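Chain naming here is simple, since letters A, B, ... match the order of the sequence lines and numbering starts at 1 in each. As the structure is a prediction and not an experimental result, all values here were calculated from the model.
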Amino acid sequence: MELYNEKELDRLNPYQKEAVLDESPACIVNANVGSGKTTVLISKVQYLHHVKKVNYEEMTVLTFTNKAADEIKSRLLAAEPELPVEKLRGFGTFHSTALYYLREYLPVEKLGYTRDFLVIDPEEELELALDLIRQHKLKIKYKNRLKKRLESAMAVRGEEKKVSKYQDDIFDLVRLLREEKASQDKMTFFDLLENANLLLREEIGISLSPKWVIVDEVQDSDSQQLVFLDRLVSRGANLFAVGDPNQVIYSWRGSAFQIFYTLKHKYRAKELTLPINYRSSSSILEAARCFLQNGSPLTGVREPGNKIIVKRQYDAFQDACYLAGRIKKLHREGTPYGEMAVFYRLQSQSGMFEDVFSREGIPFEVSLKRTVGDVPVLRWCIRLLRFSLNKKDTPSGIYVLASREYGEGISEKKAKEIVCNSKPGASLLFDKMCGFSRICEELGNEEALFSYFELERYLNPVSASYMEDRDAVHRLFQIMFDYVKEQQENREAGMRAFINSSSLYGLDVLREEISEEKDSVKLMTLHASKGLEFSCVFITGVNYGLIPLKTRDMDGEEEERRLFFVGITRAKDRLELSYYTNPGERAMPGESRYIRMIPPRLLEGEEERGPAVSLQELKRQVQEQRTQVQERSLQEQKRSLQEQERSLQEQKRSLQEQKRSLREQEPAPTKRVRHPRYGTGVVVREDETMLEAEFEGYGTKEFIKAFSELEYI
DNA sequence: ACAAATAGCGTTTTT
DNA sequence: CGCTATTTGT
């Protein structure tokens, strides 16, 4: 398709073009923030298909989030509407791709599974583990941290050394758990990748050998995902990976450090760079550059734009009030609400902004994920379906019968007896679940499914949430039937696929109410902001102790810096930072040193004042500032003392030179200020909070910077 | 049964 | 560092 060459490639800059056209069997692209990473990735896929004649089915495109996968797929489909979606089955998250391989290509029977296995969430695995501990009377220490202990124990790969450092039975538990999951035909997220890795290692004739593996955000890979990549590359796939080492903010959950270096050496990959940022104004970009670790060649193409605004606020409440006004003003001036976002460090900080914004009538959306598991009735329903589709899943059967809110409401002991001994006639609901396979294909619609299980009875009609629950279940069933209809498989297989995908992708059952107001200000943590962009970004609470968060070690500190970098580079046109003079216990009063790292010439002067405050408030703020100044000068004294010690020798050496240059030095430029009452004056003395100026006819006056009506001229 | 010793957080979150 | 939950020792 020659058309592709001319039209698409010419839209790319030379760096992007080089990446798309690169012929190396392994190529890793160091994509700077906002440099068109996804564009290159999509272009690469299209180039491989149209020019290199690689089928879409022969490509595996791996992302970390469903959102990223959806974006890539929808952009490909938008460019080529006649492209059948089935051809993009290998395009998805690592986990969904592993699931696809396990179901379609890999011999899961070797691990004791059937092809009909279902995906479970981590909580269910924990229940299973606790059950096994009880059953086998295992000795497990620190049971309150069982989840974490299991995670680390499962990550131990070596077959030999299986002695717990606490001398308990944790490794026996891991083994039993693995066997139990296989016999119940269940896999966790972890198992999906782990089992795929296990089965891909064997050289047996698997008709699975993608020609290309393309990875997005490769800097986020953990060791399991790297093994998955390695299996595919070992089977002869070419590798094209895109990522940014400056955006590593998830190393605490296991993303491998120095991944670029590792990949480059392991696969002798060619390294390319995308240096040009198209997103942010050059002022914002210049500030961002202060937070880059290595001298990455991050260049911009945009005009300087607005200066960065730094606001001092009394506390989070004051900031929320100020932001409400500021957001309204920007909205009046033409910025849509949807182009504005407020970022904070901790989830717990969102509440204040939610309260104030609702009161002020500003439409907003808090980014919080909800899954089916968070809604009790849906959790119950999914487990009802799971047992109906998989009789080996006895824990789900017991859960359904013994639930307090829904179902038969019988005791767990009784439920266990019924389910484990498969006693017919003891429970109507149990019999219904057992008989589900027989009638499954006959059910006409979701209504029929609802009445088959007699859910109007089992959903507890006397409960306060009955109406809500019933609607939620109806919606769940409807989404499921729509999903099954789209699949070409039979009803039962379709429902299995639905359960798995609802575990992997979550469900939109409850999304409707939230997304009603599309044009809304987004509130989120700095972490959640990754991958997004907004015209206007507010980062709140840029105090030391919060941004950066007080961390244990140096690595943590570096990650905090990258996190702030990610935050400020989300902004296209406006960046506004704020800090509190009276933060909670956690943070220190006063600006974070991250603010001081930004060159002052990029900042808008701080002459603007916050909203009017009462006299009492003012007094409190002044006092606050005094203590703040005291603390700061104390810190500064300490710091300068250390510096003095360090530079003592140097000072001695250059003393004479200093003296000479001192004589030559120009006197400090006279700063002039204007006051509404005293007129124009000359600044005599100035520090961070105070300013002393001499006015003709009035003499010397002292001001607190934040509250004086002074104007620099 | 009680006291002393010890381990492991703290925040961020996707699948 | 300082707190809590849990284990260990008496």
Side-chain angles (χ1 to χ4, degrees), chain A residues 62-70 92-100 102 118-125 139-149 151-152 164-168 170 187-197 216-217 219-225 228 247-255 343-350 366-374 499-507 524-531 539 541 543-553 555-567 584-587:
Chain A
L62 300 170
T63 65
F64 289 85
T65 62
N66 292 304
K67 205 169 153 193
D70 288 344
T93 61
F94 276 83
H95 293 87
S96 72
T97 304
L99 171 65
Y100 167 55
L102 287 166
L118 293 176
V119 179
I120 59 166
D121 57 47
E123 216 173 299
E124 213 181 307
E125 185 183 36
K139 183 185 162 200
I140 300 290
K141 292 184 187 174
Y142 293 105
K143 245 186 268 179
N144 58 330
R145 286 191 286 267
L146 184 60
K147 205 173 164 186
K148 278 233 157 115
R149 289 212 60 203
E151 242 166 67
S152 58
S164 156
K165 80 169 175 186
Y166 300 113
Q167 317 219 7
D168 63 3
I170 190 79
M187 285 195 207
T188 60
F189 296 129
F190 180 89
D191 297 330
L192 287 174
L193 273 176
E194 199 67 11
N195 292 336
N197 286 343
D216 189 23
E217 306 264 29
Q219 79 280 356
D220 285 334
S221 315
D222 62 24
S223 59
Q224 214 184 16
Q225 288 160 332
F228 188 70
Q247 291 188 69
V248 176
I249 56 172
Y250 285 118
S251 55
W252 47 271
R253 80 181 185 212
S255 80
F343 302 159
Y344 34 82
R345 181 59 180 82
L346 306 176
Q347 293 280 15
S348 58
Q349 288 173 270
S350 75
V366 189
S367 105
L368 264 177
K369 32 126 228 251
R370 278 178 94 188
T371 58
V372 268
D374 299 331
I499 303 268
N500 285 341
S501 92
S502 76
S503 304
L504 278 175
Y505 306 111
L507 270 182
M524 65 188 84
T525 61
L526 284 167
H527 281 89
S529 76
K530 194 174 161 206
I539 303 182
N543 288 62
Y544 184 71
L546 212 49
I547 301 176
L549 198 71
K550 218 175 162 204
T551 45
R552 245 163 296 175
D553 46 30
D555 294 345
E557 181 79 31
E558 303 236 301
E559 186 134 319
E560 290 294 313
R561 204 199 56 232
R562 290 191 296 266
L563 186 60
F564 191 62
F565 173 80
V566 167
E585 341 85 58
R586 178 170 252 125

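Summarising the geometry, the separation between CZ on A:R145 and C1' on C:dT7 is reported as 11 Å, rounded to the nearest angstrom. Rounded to an integer number of Å, the gap from CD of A:E151 to P of B:dT14 is 15 Å. With rounding to whole Å, A:D121 atom CG is found 15 Å from B:dT14 atom P. B:dT12 atom C1' lies 13 Å from atom CZ of A:R562, rounded to whole Å. Rounding to whole angstrom units, CG of residue A:L99 and C1' of B:dT14 are separated by 16 Å. Across the protein-nucleic acid pair, A:K67 atom NZ and B:dT13 atom P stand 13 Å apart, rounded to whole Å. Across the protein-nucleic acid pair, A:I539 atom CD1 and B:dT12 atom P stand 17 Å apart, rounded to whole Å. Distance CZ (A:F343) to C1' (B:dT13): 16 Å, rounded to an integer number of Å.
Partners of A:E559 according to the side chain to side chain donor-acceptor pair (under 3.5 Å) rule, which considers only residues two or more places apart in sequence or in another chain, are A:S251, A:R562.
In the set B:dC9, B:dT15, B:dT12, the nucleotide with an atom closest to the side chain of A:L346 is B:dT12. Of the candidates B:dT15, B:dT13, B:dT11, the closest approach to any side-chain atom of A:T65 belongs to B:dT15. Distances from the side chain of A:H527 to the nucleotides B:dT15, B:dT12, B:dC9 place B:dT12 closest. In this structure, of B:dC9, B:dT13, B:dT15, it is B:dT13 that holds the atom nearest to the side chain of A:Q347.
With hydrogens and angles ignored, the 3.5 Å screen pairs a side-chain donor or acceptor of A:N66 with a backbone N or O of A:L504.
Considering only side-chain N and O atoms, A:T525 lies under 4.0 angstrom from the phosphate OP1 or OP2 of B:dT13. Proximity of A:N66 to the phosphate of B:dT14: no side-chain N or O atom is located under 4.0 Å from OP1 or OP2. Within the 4.0 Å cut-off from OP1 or OP2 of B:dT15, not a single side-chain nitrogen or oxygen of A:Q224 is found.
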Dot-bracket for DNA chain C, 5' to 3', counting Watson-Crick or G-U wobble pairs under 3.5 Å, with [ ] for crossing pairs and | for inter-strand pairs?
||||||||||
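Of the two residues contacting DNA chain B, namely A:H95 and A:W252, the nearest-nucleotide position lying further toward the 5' end is that of A:W252. Between A:R345 and A:F64, the one whose closest nucleotide on DNA chain B sits nearer the 5' end is A:R345.
The two atoms that bring A:G92 and A:A69 nearest to each other are CA-CB, 3.8 Å, heavy atoms only. The two residues A:T525 and A:L346 make their nearest non-hydrogen contact at CG2-C, 4.2 Å.
Note: A:F189 and A:H95 have perpendicular aromatic rings, judged against thresholds of 30 and 60 degrees for the angle between ring planes. Taking the six-membered ring where the residue is Trp, A:H527 and A:W252 present perpendicular rings, their angle passing 60° and hence far from 30°.
Remark: A:K550 NZ is loosely packed, at most 12 non-hydrogen atoms of other residues, nucleotides or ligands lying under 6.0 Å away. Within 6.0 Å of the CD atom in A:E557, the count of heavy atoms belonging to other residues, nucleotides or ligands exceeds 12.
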Could you go through A:K530 and A:D220, starting from their C-alpha distance and side-chain angles, then the distance that decides it, and tell me whether this counts as side chain to side chain contact (heavy atoms under 4.5 Å, CB included)?
CA-CA 12 Å; A:K530 194 174 161 206; A:D220 285 334; 2.6 Å; yes
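Nucleic acid contact for A:L549: base, since at least one base atom lies under 4.0 Å from a heavy atom of the residue. Nucleic acid contact for A:E559: none, since no nucleic acid atom lies under 4.0 Å from a heavy atom of the residue. The residue A:F190 sits apart from the nucleic acid: no heavy atom pair falls under 4.0 Å.
For the P atoms, the distance linking B:dT13 with C:dC3 amounts to 27 Å, nearest Å.
In this structure, A:L62 and A:Q225 have side chains that are not in contact, with every pair of non-hydrogen atoms separated by 4.5 Å or more.
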Between the protein and nucleotides 8-10 of chain C, list every N/O to N/O distance that falls short of 3.5 Å.
residue, atom, partner, partner atom, Å
C:dT8, OP1, A:K141, NZ, 2.5

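A side-chain donor-acceptor contact under 3.5 Å links A:T188 and A:D191.
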